[in-house]
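Notes for the one structure printed next.
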Number of protein chains: 2
Amino acid sequence: MTDSVATTARASARAEMTQRIKQAAREHLAVDGANLSLRAVARDLGVVSSAVYRYFASRDELLTALILDGYASLGDAAERAEAAVPRRDLAGRWIALGRGVRDWALANPHEYALLYGSPVPGYAAPQDTVGPASRPVLVMVEIMRDAVAAGVPIPAGPRLPRAVRADLERLQDDPAFSGVPPAMFARGMTAWAQLFGALSFELFGRLTNAIEAYEAYFDYQLRAMAAYLGL
Amino acid sequence: MTDSVATTARASARAEMTQRIKQAAREHLAVDGANLSLRAVARDLGVVSSAVYRYFASRDELLTALILDGYASLGDAAERAEAAVPRRDLAGRWIALGRGVRDWALANPHEYALLYGSPVPGYAAPQDTVGPASRPVLVMVEIMRDAVAAGVPIPAGPRLPRAVRADLERLQDDPAFSGVPPAMFARGMTAWAQLFGALSFELFGRLTNAIEAYEAYFDYQLRAMAAYLGL
DNA sequence: CTAAATCGAGAGCGGTGCTCTTGACACGCT
DNA sequence: AGCGTGTCAAGAGCACCGCTCTCGATTTAG
């Protein structure tokens with residue numbers, strides 16, 4: 001359990017096997033989606049199916065591990081992309097964030113579908129996925145917070161419904177979300193939905209025969225949303 | 001084949017059984033999602049599984065039928081909702097369209113997931129789904145066309161990339177999409193992605209713990225996008 | 001009235017997730 | 001150094017799946 005300085009051979013073998021199973025499962029994700037076959041990944045590893053159950057108690061648990069890895073991977077990519085832009089360039093940071101998310105999604109389309117597609121039928125995401133899942137959105141919150149702190153004016157728009165304003169003010173109690181006034185937060189969530197809507201359309205093949213210049217159009221949308229956010 | 005005036009008993013029985021299978025499959029969709037069990041629907045109908053194959057050659061074919069029905073149902077709902085608003089009220093028509101889509105999605109969440117969620121792993125949508133699938137978007141195209149015809153100015157925004165402009169100009173060759181200049185079409189597709197992004201977030205449970213006033217927030221977003229479209 | 005078409009039932013194939021038991025092996029402690 | 005303990009992969013087995021094929025019963029059409 002407690003892996004001291006000298007990791008035992010058994011423990012390291014277990015860690016390595018766990019990684020090998022996840023890697024094989026990731027490859028099967030491309031073909032079978034969320035209903036991948038445990039037996040198939042076992043076959044790939046030259047191992048009998050029941051052996052896999054030593055490492056993951058069920059198919060759902062393996063899926064959860066893949067989801068957690070996916071969120072971590074996307075979170076890394078999003079943070080890295082955004083961090084490469086000077087702090088003062090707010091619009092540039094937003095665009096870099098959006099591009100980072102898209103690049104990751106294009107590189108890992110099946111993981112993207114797992115994270116942001118329709119929920120897996122019998123599967124309920126355990127509570128420990130909400131933390132990693134919010135990492136990308138926290139990057140955007142940071143941009144909005146910096147924009148507000150820099151005195152960037154929030155564009156005029158439709159009046160925020162009272163109930164929504166209450167929700168967003170309640171959200172301010174969480175320090176991770178504080179410092180962003182409701183009017184700005186509402187716009188941010190709208191832009192966020194736009195980003196993932198556009199991404200889902202592209203990745204799920206919902207705009208074939210319409211747009212071929214995917215990347216250029218995605219960039220255009222990012223710029224449009226930057227303007228919408230007042231960045 | 002040619003069902004003349006007097007439909008044979010067999011033909012009507014076949015039509016009825018086809019409907020019963022689809023209905024049972026729709027109910028299973030709620031539990032098992034896209035990987036529903038043909039055997040289970042057969043059990044529900046008190047029939048052996050092989051009998052279902054008399055009506056649908058494969059599980060995929062049954063899924064295709066459900067998808068087609070779904071698009072038709074959504075198309076009806078979208079057209080009906082939008083048609084209830086006076087032609088001159090462009091923003092109202094857009095908002096009614098968005099609400100209509102949402103109402104349908106809330107009433108048929110599993111069909112929504114089937115149509116707009118992650119693609120079913122081994123399943124490739126046959127070509128005859130593209131027509132019905134475009135019905136809702138055609139409603140929005142009609143609104144944009146009317147807006148342009150009425151002389152509504154297209155708001156200023158980021159420059160449209162050349163490749164995107166070319167795509168959208170090529171799209172004009174299709175009479176269904178003509179009459180909408182690229183700058184407007186680009187905004188329309190952005191708003192469309194926003195709409196379905198917001199809907200997917202709500203239906204796939206991606207904004208729990210943030211917003212409780214779903215409907216009010218959705219309406220707010222529709223108004224924001226109406227402004228974005230210049231309606 | 002008869003031949004053809006259609007129907008549901010049933011058996012059967014290879015696959016699935018998952019459980020349980022068995023024997024071999026590596027570990028940590030004395 | 002040796003021994004008990006815990007972990008390991010393997011294999012058999014259960015119930016379910018999609019799908020195919022055959023067979024007798026029934027309805028249709030000529």
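By convention in this document, chain letters (A, B, ...) are assigned in the order of the sequence lines, proteins followed by strands, and residues within each chain are numbered from 1. Atoms considered below: every heavy atom in the structure, side chains included; atoms not considered: hydrogens, waters and symmetry mates.
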Mark up nucleotides 5-12 of chain C, 5' to 3', with B wherever a protein heavy atom is under 4.0 angstrom from a base atom, S wherever such an atom reaches only the sugar-phosphate, and - elsewhere.
BBBBBB-B

CD1 of Ile21(B) versus C1' of dG18(D): gap in Å, rounded?
15 Å

State the CG-OH distance between Leu62(A) and Tyr53(A), to the nearest 0.5 angstrom.
9.5 Å

Provide, to the nearest angstrom, the distance between the NE2 atom belonging to His28(B) and the P atom belonging to dC16(D).
14 Å

Check the distance between dT19(C)'s C1' and Leu38(A)'s CG and give it to me in whole angstrom.
13 Å

Just checking Tyr228(B) against Tyr228(A), ring centres under 6.0 Å apart?
no

Pairing of Arg102(A) and Glu202(A) as salt bridge, 4.0 angstrom limit:
yes

Expressed in angstrom and rounded to an integer, what is the separation of Asn35(B) atom CG from dC16(D) atom P?
17 Å

Tell me: CZ of Arg59(B) to C1' of dT16(C), nearest whole Å?
13 Å

Hey, can you tell me if Tyr71(A) and Tyr116(A) have their rings parallel, tilted or perpendicular (30° and 60° cut-offs)?
perpendicular

Nearest-Å distance for atom pair OH/P, residues Tyr53(A) and dT19(C):
7 Å

Taken to the nearest whole Å, CG/Leu63(B) to P/dC17(D) is 15 Å

What is the distance, rounded to the nearest whole Å, between atom CD of Glu61(A) and atom C1' of dT19(C)?
16 Å

Would you classify Leu36(B) as touching base, sugar-phosphate or nothing, given that sugar-phosphate means primed atoms plus P, OP1 and OP2, and contacts are heavy atoms under 4.0 Å?
sugar-phosphate

Mind telling me whether Phe204(A) and Tyr112(A) have parallel, tilted or perpendicular rings, with 30° and 60° as the class edges?
tilted

With the side chain counted from C-beta on, respond yes when Tyr217(B) and Pro161(A) share a heavy-atom pair under 4.5 Å apart, and no when they do not.
no

